[in-house]
There are 2 protein chains.
Amino acid sequence: MSLRHALLALLEAGAMTGYELAKQFDQSVAYVWHAQHSQIYTELRKLEAEGLVVAETLARGDKALATKRAYTLTEDGEHELRRWVGDVEELPAVRDSAYVKATYLEYGSYQEARAQFRAHRAHYEALRDRYEMHVDQLARRETALLRRRLAGAPAASHDAIVAYKVHAYRGLISRARTEIEWANRGLELIDRLSDDGVLPK
Amino acid sequence: MSLRHALLALLEAGAMTGYELAKQFDQSVAYVWHAQHSQIYTELRKLEAEGLVVAETLARGDKALATKRAYTLTEDGEHELRRWVGDVEELPAVRDSAYVKATYLEYGSYQEARAQFRAHRAHYEALRDRYEMHVDQLARRETALLRRRLAGAPAASHDAIVAYKVHAYRGLISRARTEIEWANRGLELIDRLSDDGVLPK
DNA sequence: AGCTCCATGTAAGTCGTTACATGATTCA
DNA sequence: TGAATCATGTAACGACTTACATGGAGCT
């Protein structure tokens, strides 16, 4: 149920079309919550039906043969956003395919086990790099969305707004580092096991 | 798609009924992949239809008015299990509601933000404790499932089987610790922000 | 004329949740 | 006799994915 709230939070910074929201997702929210554009469009229609947002149909281009729909938060939407921020949710049950597989690596060869850990490391190294770039941009207040958000908020709150976001992304960096270390220890484990010749192959 | 493979891996250790599999899930696999019993029963029927497992209907009790179904891996099931272990999968896109919310804590009060981080910390502390207990049991080879698994595997492979599982659960412990530290840093951040009086409330 | 971007959807299907439903067995 | 446990499902629904589908706008 985070998609709807992420959309509400994005709209708090100002009206946007589904297309723009989908692009913002790819550039910021997607680091913490990924969504396809198809899902965003359907969710927006649901939010509209529930009265949390209102849509305004706007002309597009000069001849205006095409239209787009710009969404704005309603008062109910604002309330729902604030309610959600204060609501302590149950964290969802763990479901991590990489760790499931790590538990059963003995069914494969050392080569295959190494490939798993190397892929795991590469994945989180790439994520870490992206998070680091994003956190730098946030700290410098360079992202378009953040600027828009700050423009609509009292100056006294700017530091807090930035600090919360930076803290979240720094957490993701720590998390990625933990995964990288885990993968490295996994590779060391395989070295030890294969030196000992414990498993065949 | 990990549920099916976790089931195949459990069945590699020996035939089990859906009920037993559901219980094993709660006691071991659920730490990495949670599933409801209803889903396990349906998945087993699907695996059976695909020929990856076979079921034998057994009598239950003395009078045998009731039955149960014990599942065994087929050769195809064995192959699928080994194929899966060697297969490097794309890691699923990030989707973490706690981090989404952490990004938007400025819409709530300091009190609410603190409550979020405290709940986050408590959650991962509880998880960490459970993981630590489980890793101890695994290292001492005390869990019923592990014994059953080792009984059916050559003695030379026992160390590797245990080592992989221990490594996976140690990784989960590291992860939980990272989350706890993140929550603590979040609480420190709020202390600084509220001392500075940056946000109202 | 053709390419890229803007813009918005629908449809079918999978995975998973929650609630409902049933009945036998075992043991005190 | 009653409670806990064994045992197996179905039904409805929600979230998400993948593929399909359409067409205008802006620029070269």
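A, B, ... follow the sequence lines: proteins, then strands. Residue 1 opens every chain.
No side-chain heavy atom of A:Leu52 sits under 4.5 Å from any side-chain heavy atom of A:Lys46.
A straight line from CG of A:Leu47 to C1' of C:dG9 spans 16 Å, rounded to a whole angstrom. Per the geometry, NZ belonging to B:Lys23 stands 15 Å off C1' belonging to D:dT8, to the nearest Å. Atom-to-atom, CG of B:Leu65 to P of D:dT8 comes out at 16 Å; the value is rounded to the nearest Å. The interatomic distance linking A:Arg60 (CZ) with C:dT8 (C1') rounds to 9 Å, in whole Å. Across the protein-nucleic acid pair, A:Glu43 atom CD and D:dG14 atom P stand 11 Å apart, rounded to whole Å. In this entry the distance linking CG of A:Asp96 with P of C:dG16 reads 13 Å, nearest Å. B:Arg69 places its CZ atom 14 Å from the P atom of D:dA7, with the value rounded to the nearest Å. Straight-line distance from the CD1 atom of B:Ile40 to the P atom of D:dT10: 15 Å, rounded to whole Å.
Environment of CD in A:Glu142: crowded, with over 12 heavy atoms of neighbouring residues, nucleotides or ligands closer than 6.0 Å. Residue B:Arg170 places its CZ atom among 12 or fewer non-hydrogen atoms of other residues, nucleotides or ligands, all under 6.0 Å distant.
Between D:dT17 and B:Arg95, a contact under 4.0 Å exists linking OP1 or OP2 to a side-chain N or O. Of the side-chain N and O atoms in A:Gln39, one or more sit less than 4.0 angstrom from OP1 or OP2 of D:dT17. Contact check, A:Lys46 against D:dG14: no side-chain N or O comes under 4.0 Å of OP1 or OP2. Contact annotation: B:Gln36 does not reach the phosphate of C:dG16 (side-chain N/O to OP1 or OP2, under 4.0 Å).
When each of B:Ala93 and B:Arg45 is assigned the nucleotide of DNA chain D with its nearest heavy atom, B:Arg45 is the one assigned upstream, toward the 5' end.
For the residue pair B:Glu90 / A:His123, no side-chain donor-acceptor distance below 3.5 Å is found, with atom types taken as modelled. The closest side-chain donor-acceptor pair between A:Arg114 and A:Ser194 falls under 3.5 angstrom. With no hydrogens or angles considered, no side-chain donor-acceptor pair links B:Thr178 and A:Ser174 at under 3.5 Å.
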Can you pull every protein N or O that's under 3.5 Å from an N or O on nucleotides 19-22 of chain C?
none

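Checked by atom type and distance alone, the side chain of B:Gln116 pairs as donor or acceptor with a backbone atom of A:Val85 at under 3.5 Å.
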Would B:Arg128 and B:Glu179 satisfy salt bridge (Lys or Arg N to Asp or Glu O under 4.0 Å), going step by step from the backbone distance to the final call? CA-CA 10 Å; B:Arg128 177 202 56 194; B:Glu179 295 300 324; over 6 Å; no
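The two residues A:Glu20 and A:Met16 come nearest to each other via the heavy atoms OE1-CA, 3.5 Å. In plain terms, the two heavy atoms of B:Arg149 and B:Ile161 that are nearest each other are NH2-CD1, 3.7 Å.
Within residues 5-20 of chain A, no residue has a heavy atom under 4.0 Å from DNA chain D.
Between C:dT17, C:dA7, D:dA7, one nucleotide has an atom nearer to the side chain of A:Lys68 than all others, and that is C:dA7. When distances run from any side-chain atom of B:Tyr41 to the nucleotides D:dA25, C:dA24, D:dT8, the shortest one goes to D:dT8.
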